[in-house]
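Heads up: the structure comes next, in structure tokens.
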Protein chains: 2
Amino acid sequence: MSATPAEHLRPLSPDEEALVRSLGRVMYALPRAIDADMVGDRQLPLTEYTALMNLSEAPGRQMRMSELAAACHLSLSGMTRTVTRLETQGLVERVRCEEDARGWNAVLTDAGLARLQESWPSHLAAVRRRFLDHFEGMDLVRLTQAFQRIGTTG
Amino acid sequence: MSATPAEHLRPLSPDEEALVRSLGRVMYALPRAIDADMVGDRQLPLTEYTALMNLSEAPGRQMRMSELAAACHLSLSGMTRTVTRLETQGLVERVRCEEDARGWNAVLTDAGLARLQESWPSHLAAVRRRFLDHFEGMDLVRLTQAFQRIGTTG
DNA sequence: GAAGTTTGCTTGACCAAGCAAGCAGGGGTT
DNA sequence: AACCCCTGCTTGCTTGGTCAAGCAAACTTC
């Protein structure tokens, strides 16, 4: 965990340093900007949008709480509360899991699907404008591979 | 603000879609991972580290609250609370601004500088391991340019 | 130079997230 | 079938952030 082998203590090259300095934009400014766009536009915070979107793609429009939490990069307790919020809006329902009665499935309701469909243009526009537009002409595949590896290191 | 011109509603290409799907790693997993590393290692949250670092590079080791907030991608009130925390640890002091008595400067103390110096290896290691290592061989300069543009769009 | 406005920062109320503890339902072992 | 531990989710508490309102100093306009 806090292993800091010598290799990782090699000083940053100027290019690396510049990249690290710009990292705050992506880690802090970007999620807030996208979230603010979506809240301003459709009253749907990014976390809730992400949950709805993941559910809409799952078989039976439902997922176990723990799966959904992982898919949304949220802790399990965070997902409990997010789903509670969505439930009070009627966008999601909780259904006991058939094959394991300890488990619950979050199920996307018709209202939830409608909300998602009404909101995706806003999400798409925000993502393009705040993020994708700035990567025009770059090798998106390589970039994706790099992004996917992040947060993977144990 | 919520302008969603047609261009922004063009559907995502498969490559764009994959990139967007991997974005959560950078926006959510990455900051938590770096922060957790630093807290586990040196008991210094990333936000506080960033504030100390910015101060250490400023002339006179001091900055106006609003400058510092912007540099750390934090709201002004968020920075007020961060500086308060740092102040109670003796790492920073608040000094009235001479040329404008409404303003305050956050000043890095010697203890703050020492704390920073004892913590940077941990930050460096976390940033390399969680982030830079995954971008080996890529064009860091272009990437930096892209990152810098993010969060800029009004 | 006094009144009204704007600016810089802090404070109060609130909210979303995390962690750790709790609880309820499996599943093995005897 | 009684026990025990393990697993899946929720709950209580804390933390760290935002927004909006407040306060004090500085500008502006007359």
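Proteins get letters first, then strands, A, B, ... in listed order; numbering begins at 1 in each. Quantities reported herein were computed from a predicted structural model and do not represent experimental measurements.
Atoms CG (A:L68) and P (D:dC9) sit 10 Å apart, rounded to a whole Å. Going from atom CG of A:L46 over to atom C1' of C:dC15 covers 16 Å, rounded to whole Å. Nucleotide C:dG8 holds its C1' atom 15 Å from the CE atom of B:M63, rounded to whole Å. The nearest whole Å value for the distance from the CG atom in A:L86 to the C1' atom in C:dC15 is 15 Å. Protein atom CZ of A:R64 is 13 Å distant from nucleotide atom P of D:dT7, rounded to whole Å. Protein atom OH of A:Y28 is 14 Å distant from nucleotide atom C1' of C:dA17, rounded to whole Å.
Residue-level contact check: B:T80 touches the bases, meaning some heavy atom is under 4.0 Å from a base atom.
For the pair B:R94 and C:dT10, the criterion of a side-chain N or O lying under 4.0 Å from OP1 or OP2 is met.
Within the structure, side chain to side chain donor-acceptor pair (under 3.5 Å) contacts touching residues 64-74 of chain B (residues at least two apart or in different chains) do not occur.
Looking at heavy atoms from C-beta onward, B:L19 lies out of side-chain contact with B:L12 at the 4.5 angstrom threshold.
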Assign a letter to each nucleotide of nucleotides 16-28 of chain D from its 5' end: B, base within under 4.0 Å of a protein heavy atom; S, sugar-phosphate only; -, no contact. SSBB-----BS--
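Looking at A:T50, its side chain never comes within 3.5 Å of a backbone N or O of A:C72 through a donor-acceptor pair.
Atom CD of A:E93 has 12 or fewer heavy atoms from other residues, nucleotides or ligands within 6.0 Å.
To the nearest 0.5 Å, atoms CG (A:L86) and CZ (A:R115) are separated by 9.5 Å.
In summary, B:E16 and A:R128 engage in a salt bridge, as defined by a charged side-chain N under 4.0 Å from a carboxylate O.
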